[in-house]
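In what follows, a structure is listed as structure tokens, so that the remarks can point back to it.
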2 protein chains.
Amino acid sequence: MAPRKKSETPPAPNTPVSMADLARELGVSMTTISRALSDHYSIGPEMKSKVLKLAKKYNYQPNRLASALRKGKSKLLGIIVPYIEGRFFPSVVHGIETAASKAGYNVIICQSNEDAAQERRNVEALLSAQVAGIMVSLSRTTTSYQHFDKVQSRGLPLVFFDRSVEGENVNAVVLNDQEGALISTRHLLQQGCRRIAHLAGPQHLNIYKNRRQGYLDALREAGLPVEEELIVYTDMTQDEGAAAMRRWLALPNPPDGIFSGGDYCALGAMQEAARQGVRVPDDVAITGFSNEAFTVITEPTITTIDQRCEEMGQATVRLLLELIEASGTTFTPRQIVLRPELLIRDSSLREARKTTGRRAAKAAVR
Amino acid sequence: MAPRKKSETPPAPNTPVSMADLARELGVSMTTISRALSDHYSIGPEMKSKVLKLAKKYNYQPNRLASALRKGKSKLLGIIVPYIEGRFFPSVVHGIETAASKAGYNVIICQSNEDAAQERRNVEALLSAQVAGIMVSLSRTTTSYQHFDKVQSRGLPLVFFDRSVEGENVNAVVLNDQEGALISTRHLLQQGCRRIAHLAGPQHLNIYKNRRQGYLDALREAGLPVEEELIVYTDMTQDEGAAAMRRWLALPNPPDGIFSGGDYCALGAMQEAARQGVRVPDDVAITGFSNEAFTVITEPTITTIDQRCEEMGQATVRLLLELIEASGTTFTPRQIVLRPELLIRDSSLREARKTTGRRAAKAAVR
DNA sequence: TTGTAGGCGTTATCAC
DNA sequence: GTGATAACGCCTACAA
């Protein structure tokens, strides 16, 4: 479409009105209009109100493209996530969008689909769109980081969240998975468990490595031995949780507590226990990880670790905005570590006084 | 930040390179560069490859802001959703982003938080950002639609999805809730249920009104009477489902089938049945609506209606792109109605041959 | 306090 | 086939 011709008549009602249109209408210069609209200091109050009134009348919308082009700074932030599904990423994105919008920014969202090449293309697209900063949770297949070097060498603020690159040289917001595992396992110990098993996830992923470490820390702290038969490595699926539980229940001396690195896996174990007539939490107490939505609807409800999705989103935006404002000056990279929260529910609580009444699940309204 | 001064030296490595920089380097005009990069017809092949090589060397990124400003058309689409949580909206957004990105568009996401005023602000922001089109799922509190009239009067393509305004004058993609209810209730009839109850949602919301209507249709079709004591109006929560079930089980003649307008509510009913020793599906068959993630992990798994979230996203983008391409020409608004899918699971399947083995739940990896 | 003018990076139009 | 030039809408020295 060819650009609209400049006309001397007032703008058609269905066409966006520019500052030039307002200027012509009032017989003043564009500068005046610009100052009135941007609340500049040197502008007569009556002039200003006249401009504002006309702007409202014509429903003037500033063209942020033009503004960004001129100023070299847009009001757009970019997010790259592996995907927008499940519980975790949508919640973080929710937190990000809320915080960004509060600060006057809009957010462009991209999915890498766990594909490094796609992630690279996402970065290019965001650079092309002239975003003011980028937030990334790494794709699982990303092994080289040049595309991010390029971002930083342009002086464009960059913050990783949840899945970050290692090191002190990046800005990142992550959850302390190890601490989560530690407090969860400690809780099982406090409930009287002495033989605590662990459903571990793929150890090449940091989150699962750290969760296993936290579990080990808690055992050591309590002076308990680590028994290899009590650690089962899984892909964190429900079925693998059930399978592990079957193996454990077949032992001469089965565990009396289980810390699972994920909720689905914990669920599988719990269901297998029920099938075999083993009582949860009395015979075996179980805790999960992630606070999946279903953990409050099972019977018993599942003790788990909340990952502070919303806070993670907020913290990510806060850090990014700091970087944007400090743009130009030197800024020492920061890693923000969020503290996980243990949500104690019925699957691990052995005392007589259980949590009173199930937490009402959110309405299934869409 | 003041715009960078035009310099005669090659660009610093950390600064974006423009077409002018390339032109200077090659001693040709910007026009030539532009043509080479945009694959224009009148350009010498050797010139073209020279330009492309240099562009790659300097890692040239087109400035889409400038391009959009000049052309009056950006490569950005806007989405407005009530929120990015639960199962439904994230999945639709996932579908939208995937389809948009395939077509070379990026997506700005906004949340209205079920607030009409916020929704209005979202529209303004997207207009300001000069998006090429807008996709909206209405906030629950939206009662006036002027902000959308403004969008359309600007000639900006607009498509509603899921929560749309009524009428033939809008472009929309919605699910046929009534049909979903119909096939779900029919399925219960086929399973031999003769007294089918309904957990209904708030009737001022179209989706629940339509689901109730589908239920009534199925009863009429089967020549069964509508009994008011078998329809309970709820807010679709788990607890209300349980409460309704309690009332039904206290009847002299309890229902032998239940069609719930939502999965959480169905779950509550199912759990209450279990507590009272009533067998599902043999004593009472139950079906839900929405295909929430938990419906495959309960025991028994819950029969439900899939809402085609991904397809909805794709269809929305397809329709919007059509509108964008038809921009200027007259385009008769279209309403696309997606057909829901009945997922038959154990909570309603009375025959001996149940679904073999629980469907493996997706790994709880984040 | 207000106006003038140039430029942000790209592309369409015209001339060569 | 290539080049010069003028916009797109906004912002900001600088001048008045």
Side-chain angles (χ1 to χ4, degrees), chain A residues 1-7 11 15-51 55 58-75 127-130 132 154, chain B residues 1-7 11 15-51 55 58-75 127-130 132 154:
Chain A
M1 201 223 292
R4 169 171 61 97
K5 279 238 182 62
K6 187 164 276 177
S7 78
T15 219
V17 43
S18 75
M19 290 191 353
D21 298 320
L22 299 181
R24 205 174 312 117
E25 177 92 6
L26 285 181
V28 299
S29 81
M30 276 176 51
T31 315
T32 305
I33 306 292
S34 171
R35 289 206 257 245
L37 292 172
S38 57
D39 214 20
H40 194 267
Y41 59 98
S42 65
I43 179 83
E46 73 297 339
M47 187 69 218
K48 184 165 141 185
S49 71
K50 232 175 24 177
V51 171
Y58 280 165
N59 209 277
Y60 168 79
Q61 301 282 142
N63 184 329
R64 290 166 78 188
L65 251 49
S67 166
L69 178 60
R70 173 61 235 263
K71 297 205 284 193
K73 280 275 170 221
S74 80
K75 283 295 199 178
L127 290 176
S128 249
Q130 311 296 118
R154 285 217 187 168
Chain B
M1 198 223 292
R4 169 170 62 97
K5 281 237 182 61
K6 188 162 274 180
S7 79
T15 220
V17 42
S18 75
M19 290 190 355
D21 298 319
L22 299 181
R24 203 175 314 114
E25 177 92 6
L26 285 182
V28 298
S29 82
M30 277 174 47
T31 314
T32 304
I33 306 292
S34 172
R35 289 206 260 244
L37 293 172
S38 56
D39 213 19
H40 195 269
Y41 59 98
S42 67
I43 179 82
E46 74 296 340
M47 186 69 222
K48 184 166 142 186
S49 72
K50 232 174 27 177
V51 171
Y58 280 164
N59 209 276
Y60 166 79
Q61 301 280 141
N63 185 328
R64 290 165 81 190
L65 251 50
S67 168
L69 177 60
R70 177 61 237 256
K71 297 205 284 193
K73 280 275 170 220
S74 80
K75 283 296 200 178
L127 290 177
S128 251
Q130 311 295 119
R154 286 219 188 168

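So you know, we letter chains A, B, ... as the sequences are listed, proteins then strands, and number each from 1. None of the values given here were measured: they were computed from a predicted structure.
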Worksheet item: So, for B:D21 and B:P16, which heavy atoms are closest and what is the spacing to 0.1 Å?
Response: OD2-O, 4.2 Å
Worksheet, complete the sentence: Heavy-atom closest pair (B:A129 atom, A:L65 atom, distance to 0.1 Å) is O-CD1, 3.4 Å
Worksheet item: NA contact type, A:M19, heavy-atom cut-off 4.0 Å: base, sugar-phosphate, or nothing?
Response: sugar-phosphate
Discussion item. Just the rounded figure in Å: distance from P of C:dT10 to CG of B:D39.
Written reply: 17 Å
Worksheet item: Just how far, in rounded Å, is C1' of C:dT2 from NZ of A:K50?
Response: 13 Å
Worksheet item: Counting distance only, does the side-chain N/O of B:S74 pair as donor-acceptor with the main-chain N or O of B:Q130 below 3.5 Å?
Response: yes
Item to complete: Side-chain contact test, heavy atoms from C-beta onward, threshold under 4.5 Å: evaluate it for B:V17 versus B:L22 and give yes or no.
Response: yes
Worksheet item: Within the distance-only criterion (no hydrogens, no angle test), does the side chain of B:S128 pair as donor or acceptor with the backbone N or O of A:R64 below 3.5 angstrom?
Response: no
Worksheet item: Between B:H40 and B:L69, which has a closest nucleotide on DNA chain D that is more 5'?
Response: B:H40
Worksheet, complete the sentence: Heavy-atom closest pair (B:L69 atom, A:L69 atom, distance to 0.1 Å) is CD2-CD2, 3.5 Å
Fill in: Interatomic distance, A:Q61 CD vs D:dC10 C1' [rounded to whole Å]
15 Å
Worksheet item: Start at the 5' end of DNA chain D and walk down; is the nucleotide closest to B:I43 or to B:A66 reached first?
Response: B:I43
Atom pairs, N/O to N/O, protein against nucleotides 4-6 of chain C, distance under 3.5 Å?
from  : atom 1 : to    : atom 2 : distance (Å)
C:dT4 : O4     : A:T31 : OG1    : 2.8
C:dG6 : N2     : A:R70 : NH1    : 2.9

Response to the item:
To the nearest angstrom, the CD1-P distance between B:I33 and C:dT10 comes to 10 Å
Item to complete: Could you state the atom-to-atom distance from CG of A:L37 to C1' of D:dC10 in whole Å?
Response: 11 Å
Worksheet entry | Euclidean distance, atom CG of residue B:L65 to atom C1' of C:dG7 [Å, nearest integer] | 15 Å
Practice prompt. Grab the NZ-C1' distance between A:K71 and C:dG9 for me, whole Å please.
Written response: 17 Å
Worksheet item: Counting side-chain heavy atoms from C-beta on, which of D:dT2, C:dT11, D:dT12 comes nearest to A:S34?
Response: D:dT12
Discussion item. Quick check against the 3.5 Å criterion: does B:S38 have a side-chain atom that pairs as donor or acceptor with the backbone of B:S34?
Written reply: yes
Worksheet item: CG of A:D21 versus P of D:dA7: gap in Å, rounded?
Response: 15 Å
